[in-house]
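Okay, so here's the structure we're looking at.
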Amino acid sequence: MPRDALTFDNDAIAKVLDEIADLLELKGENVFRAVTYRAAARSIRDLREPLAKLAQEKRLTEIPKVGPSVGEAIEQIIATGSSRRHEELKAAVPPGLLTLLRVGGVGPATARTIYDHLRITTIEELEEAARDHRLQQLPKIQAKTEENILRSIAALKQRTGRSLIHEAKAAATTMVEYLRAETGTDRIAIAGSLRRYKETIGDIDIVVAADDAGPIMETFVRAPSIERILARGDTKSSVVVDRGLQIDLRVVPPASFGAALLYFTGSKEHNVRLRGLALRRKLLLNEYGLYRVGAEARGQEIASATEEEVYAALGLVWIPPELREDRGEIDAAQSGALPNLVALADVQGDLHTHTNWTDGRDPLADMARRARAKGYAYLAVTDHSPGLGMTNGLSLERVGARIAEAAKLNEELAPFRVIVGTEVDIRANGKLDYPDDVLAKFDIVSASVHSSFGQARDAMTARITGAMRHPLVTAISHPTGRLLEKREPYAVDLDAVIDTASETGTWIEVNGGPERL
DNA sequence: GCCGTTTTCGGCCCGACTGTTTTCAGTCG
Ligand SMILES: Nc1nc2c(ncn2[C@H]2C[C@H](O)[C@@H](COP(=O)(O)OP(=O)(O)OP(=O)(O)O)O2)c(=O)[nH]1
Ligand SMILES: [Mg+2]
Ligand SMILES: [Mg+2]
Ligand SMILES: [Zn+2]
């Protein structure tokens, strides 16, 4: 679900808490303290309410991992823009150490060593020192570490950020098919954030079950698309393929496939919670299986072959990967209160599509036949209105042609139905981009914002809710305007949009396009 | 720093790979 643009403030505060965590680690303080700040940052990113509101209502400590100390820091940041803890740490830890942490393979210890001896505080200085072989004079650093630092800096420079689901899925499928074809393995699965369908994907994680991991690993690191091997071990390897995308492969014995899939699917926080739960029952959970503490040898698994078995042995029903984020799903699985997720089979049709008449790729006829073949009951075609210059929106004449085209297809494809719609632009002044008599010709009208994203929150909210109140408007599409990894959502009061939706009966689009979601 | 179907104090997930090391720390998944 898209979040209210207001939570930007939450994100900014989460960022400060993450930085406090890094600084605590660099300073060498108790790591659990740092872990707590990081965990608090994560729960704040998950919040649906502005922290300022929670602070005002004295409810900050209701947030998981927020207690007196973190709560005080948050209050100070809200009030003054910074917290005492943060300022003290910034004064105590040399500036620039944080920068060094961005280099892969450089953690708090290495950063400290480099700074203490060479006073290096920027990536550029680090690169220069590595090129001049000044790093290998330092304790615990030799030629290989120096080379790795140079490689990591190069990777940092060409890094493309997190991937969208369709891009990650394409890369993952290519590798899975390659491994299948070359090794004959069929016990292979995509894991990690891609299996959990997170909005964006950091890297790709694949797990394979095999008695002999050697040939699988060998095939993996020889894949033609590989640019760099980050690590190559007996059971786990990491490589970089095109544009800096990382792929991690984990190979385990077939008996451990379920436990390994569970581990590698994550999330990390879900794993930690499950393992903590196991521990309280004197059980040990790792990627090989569930064991009684003290009987942890391979072969002594209580459960390991399937995820269901492992969850069941912990008193839980199987949890869908999409829910494995430590947001209460484990308690829910314990009490049988997991929600029933919407599944692919539930999807009856699509309500937002574009054809080659505007900025889509294919003709309507192809799309309609394909949708029917997919088992859909309907397809709404919602090409653009003319106001958006670049998209070649439909003129009045082409609207007429569209209606005729759809009528013909509907005869051919019945009971499947092509719904004639439009994605009408909501202009900056709130007016819709077709006159009412044209809007009245469509079966459905989806209205959305495509310009003047910088409007003030009140203006944007009025612009959108105004469109929702128009009697001919059926739906609001992409209500936040965000493009993942590209454009932040515009400022809008989503609560007001939702209230207006329930008041007017306007639909709010659940955008399934991987670039928006 | 947080938290509690063992605990209000004493834990906090667990293991693989690398590089540097003569036995392991650091970093990452
Ligand atoms: N138990 C445990 N499992 C971890 C830890 N870190 C990572 N994992 C597991 C769960 C993760 O989902 C899985 C893959 O790690 P990644 O770093 O690729 O994370 P993930 O794919 O969830 O997110 P991403 O989109 O790649 O950033 O490995 C950890 O510290 N402990
Ligand atoms: Mg991943
Ligand atoms: Mg990974
Ligand atoms: Zn649009």
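The structure presented is a predicted model; accordingly, all values stated were derived computationally and were not measured. Below, read A as the first sequence line, B as the second, and so on, with proteins coming before strands; counting in each chain starts at 1.
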Between [X] ([atom1]) and [N] ([atom2]), how many Å, whole number?
X	N	atom1	atom2	answer
A/Glu269	B/dC2	CD	P	17 Å
A/Leu60	B/dC2	CG	P	11 Å
A/Lys282	B/dT5	NZ	C1'	13 Å
A/Glu25	B/dA25	CD	C1'	14 Å
A/Ile63	B/dC2	CD1	P	12 Å
A/Gln142	B/dA25	CD	P	18 Å
A/Asn286	B/dG29	CG	C1'	14 Å
A/Glu146	B/dG26	CD	P	20 Å

Nearest to the side chain of [X] - [options]?
X	options	result
A/Leu279	B/dC14, B/dG29, B/dT27	B/dC14
A/Ala231	B/dC13, B/dG29, B/dT18	B/dT18
A/Glu287	B/dT27, B/dA16, B/dG1	B/dA16
A/Pro68	B/dT18, B/dC2, B/dT5	B/dC2

First of A/Gly67 and A/Lys140 reached from the 5' end of DNA chain B, by closest nucleotide: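 Mapping each residue to its closest nucleotide by heavy atoms, the 5'-most match is A/Gly67.
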Please state the [atom1] separation for the pair [N] and [M] - nearest whole angstrom.
N	M	atom1	result
B/dG29	B/dT22	P	27 Å
B/dT6	B/dC2	P	23 Å
B/dC13	B/dC28	C1'	14 Å
B/dG15	B/dC9	C1'	29 Å
B/dT8	B/dC3	C1'	9 Å
B/dA16	B/dT23	P	23 Å
B/dT20	B/dA25	C1'	9 Å
B/dC14	B/dT21	P	31 Å

Phosphate contact ([N] OP1 or OP2) by [X] side-chain N/O below 4.0 Å:
X	N	result
A/Arg85	B/dG1	yes
A/Tyr288	B/dA16	yes
A/Gln246	B/dG29	yes
A/Thr36	B/dC12	no
A/Asn148	B/dG19	yes
A/Arg33	B/dG1	yes
A/Asn271	B/dC13	no
A/Ser238	B/dG29	no

Assigned partner base of B/dC28, Watson-Crick or wobble definition, under 3.5 Å: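 Paired with B/dC28, as far as the under-3.5 Å criterion goes, is B/dG15.
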So what does [X] touch, heavy atoms closer than 4.0 Å: a base, only the sugar-phosphate, or nothing?
X	result
A/Thr110	sugar-phosphate
A/Arg250	sugar-phosphate
A/Val66	sugar-phosphate
A/Leu284	sugar-phosphate
A/Gly266	nothing

Pi-cation contact, A/Tyr115 with A/Arg119 (under 6.0 Å, within 45°): yes
Side-chain donor-acceptor contact under 3.5 Å, A/Ser82 with A/Glu87: yes
Does [X] come within less than 4.0 Å of [Y], counting only side-chain N to carboxylate O?
X	Y	result
A/Asp46	A/Arg327	yes
A/Glu199	A/Arg482	yes
A/Arg38	A/Glu25	yes
A/Glu49	A/Arg59	yes

Ring geometry between A/Phe453 and A/Tyr490 (parallel below 30°, tilted from 30 to 60°, perpendicular above 60°): parallel
Pair of N/O donor and acceptor under 3.5 Å linking B/dG15 base with A/Tyr263 side chain: no
Whether over 12 other heavy atoms sit under 6.0 Å from A/Arg243 CZ: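 No.
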